[in-house]
Each structure stands twice: as structure tokens, then as C-alpha cells.
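Encoded as C-alpha cells, the structure appears first; notes follow it.
Note that this is a predicted model, so its numbers are computed, not measured.
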Amino acid sequence: NGDGLSVWVPRRTADRPTYPGQLDNTVAGGQPAALSVFENLVKECDEEASIPQTLAAQAKPVSALSYALDGRVGLKREVIFNYDLELPPDFVPKNRDGEVEDFQLWPIARAMDVVESSADFKFNCALVLIDFFVRHGLIGPDHPDYVELCAGLNN
């Protein structure tokens, strides 16, 4: 927006079976086998934030993050495909699938502070945001944890 870089931050509904009430990525979702990654991006943009297909199609693939999650049935590998999408200043996301309570537009400095100082974001959403901060030069080589953060983004 005119005040600098901002990010739309949704809060998951309190009735979600996983991570209820935690902060999430603007748009996210599991990858179905029947859709390409890009087709799923467009679908999730519509369901989770009412982003029209023509706007969602402008999303740029920027990175893929991988991590291992220790789940109930053992170690599970996950991959997150990241896209950047600049939204028009007058666009306000609206959830359509009932997974999100509301969206708030945060200055990027607030998002950075919350990621650094709390566990309010789902853990994998914090990874996505850290990746964004590094890619956009908001966390640079002079940060005391820069090398560790960069190395940790793909383990």
C-alpha cells in the first residue's frame, strides 16, 4: 500500500481441528493429486480469500520449502510451494470456506515482530514469512541468525 509493504494476515477459526485461532498465510492449502500446483493455487485463492482467477493467475512462483513433521504416525515430509502476489490497494480478502475468522492488513514490520517474538503463526506459516523476509531483503546477511535461518528453510 502507499505506506510501504504490508501483508494480509488471517486468523484461523477457533473451531478448526488443527491450529485453531492461530495466524495463517493469506492463502494456503493441501495439494490434491488431481490438480496441478498452479490450478490448486487458483482454487485456494478463490476459496480462502475470494481472489478472482484473473488476479490469482498473476501470482509468481518464488520458492519451495521442505521440512519434516513428527506426526502421530511417524515422520512426514512436507513441501510448501510459495508464490508472491501483489494485491490492488483497494482489494480486501474475504474467506469463503469458513476456515478464517478475519483478515487484517499488517505492516511488514509487525509481521516480522510477531514471527520473531511469538508462536502466534502456525509454525509452517512462519517459515513462509521468513522466506519472504529473506527474499525481499528484510532479513539480510547482517542479521545475527541469517545463515541459520537460510539453512533452516530447507531441511
Side-chain angles (χ1 to χ4, degrees), residues 1-31 37-38 40-42 44-45 47-49 51 55-95 99-155:
N1 65 28
D3 298 328
L5 192 58
S6 298
V7 61
W8 283 104
V9 177
R11 182 171 301 278
R12 295 169 63 82
T13 56
D15 65 355
R16 297 297 307 154
T18 57
Y19 310 102
Q22 284 200 279
L23 302 175
D24 210 335
N25 292 128
T26 308
V27 172
Q31 178 61 45
V37 173
F38 188 76
N40 192 40
L41 168 82
V42 171
E44 293 291 342
C45 279
E47 290 176 358
E48 295 200 356
I51 298 172
L55 184 54
Q58 296 174 32
K60 305 283 187 254
V62 293
S63 66
L65 303 176
S66 62
Y67 62 91
L69 181 62
D70 190 6
R72 291 178 297 235
V73 293
L75 203 56
K76 181 172 123 177
R77 299 282 305 165
E78 295 279 340
V79 176
I80 300 174
F81 297 97
N82 292 320
Y83 289 76
D84 283 353
L85 176 61
E86 186 173 339
L87 296 169
D90 61 342
F91 182 83
V92 177
K94 293 176 187 63
N95 183 254
E99 295 182 12
V100 167
E101 285 181 17
D102 68 343
F103 284 89
Q104 294 181 10
L105 185 60
W106 285 11
I108 202 69
R110 179 177 177 193
M112 291 179 72
D113 181 57
V114 171
V115 167
E116 183 176 25
S117 65
S118 77
D120 291 351
F121 277 97
K122 282 178 49 190
F123 78 93
N124 57 355
C125 298
L127 295 176
V128 170
L129 286 166
I130 292 167
D131 177 71
F132 181 88
F133 303 153
V134 169
R135 286 186 297 99
H136 289 273
L138 302 166
I139 295 176
D142 290 331
H143 188 284
D145 299 319
Y146 180 76
V147 172
E148 184 179 13
L149 287 169
C150 290
L153 287 173
N154 278 297
N155 276 328

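- Smallest separation of non-hydrogen atoms from Ala14 and Glu101: N-OE2, 3.4 Å.
- We find the CG-CD1 distance between Leu138 and Ile108 to be 6.0 Å, quoted to the nearest 0.5 Å.
- One finds the CD atom of Glu47 at 7.5 Å from the CD atom of Glu99 (value rounded to the nearest 0.5 Å).
- Residues Leu55 and Gln58 form a side-chain contact, since some pair of their non-hydrogen atoms from C-beta on lies under 4.5 Å apart.
- Distance check: Leu87 CG to Thr26 OG1 gives 7.5 Å after rounding to the nearest 0.5 Å.
- Using a 4.5 Å cut-off on side-chain heavy atoms (C-beta onward), Met112 and Ile139 make contact.
- The two residues Glu48 and Asn95 come nearest to each other via the heavy atoms O-ND2, 3.1 Å.
- One distance of note links CG of Leu85 with SG of Cys45; it measures 6.0 Å at 0.5 Å rounding.
- Annotation for Cys125 and Asp24: closest pair SG-OD1, 3.0 Å, computed over non-hydrogen atoms.
- Ser117 and Asp113 make their closest contact through OG-O, 2.7 Å (heavy atoms, listed as atom of the first residue, atom of the second, distance).
- Of the possible polar contacts, none joining the Arg11 side chain to the Asp102 backbone as a donor-acceptor pair under 3.5 Å is found.
- Residues Val27 and Trp8 have side chains not in contact (no heavy-atom distance under 4.5 Å, counting atoms from C-beta outward).
- Ring geometry for Phe121 against Trp106 counts as perpendicular: the plane angle is over 60°, on a 0 to 90° scale with 30° as the lower cut.
- The shortest heavy-atom contact between Ala68 and Arg77 is CB-NH1, 3.8 Å.
- Residues Arg12 and Thr18 are in side-chain contact: their nearest non-hydrogen atoms beyond the backbone lie under 4.5 Å apart.
- Ala64 approaches Phe81 most closely through the heavy-atom pair CB-CD2, 4.1 Å.
- Atom CZ of residue Phe132 and atom CG of residue Asp84 lie 5.5 Å apart, to the nearest 0.5 angstrom.
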**Item:** Audit row: Leu149, Phe133, side-chain contact (heavy atoms from CB on, under 4.5 Å) steps and yes/no
**Value:** CA-CA 11 Å; Leu149 287 169; Phe133 303 153; over 6 Å; no

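- Two residues are said to be in side-chain contact when any heavy atoms from C-beta on lie closer than 4.5 Å; Phe91 and Ile51 meet this criterion.
- Dense packing is recorded around CD of Glu78, with more than 12 heavy atoms of other residues, nucleotides or ligands lying under 6.0 Å away.
- Distance check: Asn82 CG to Leu65 CG gives 4.5 Å after rounding to the nearest 0.5 Å.
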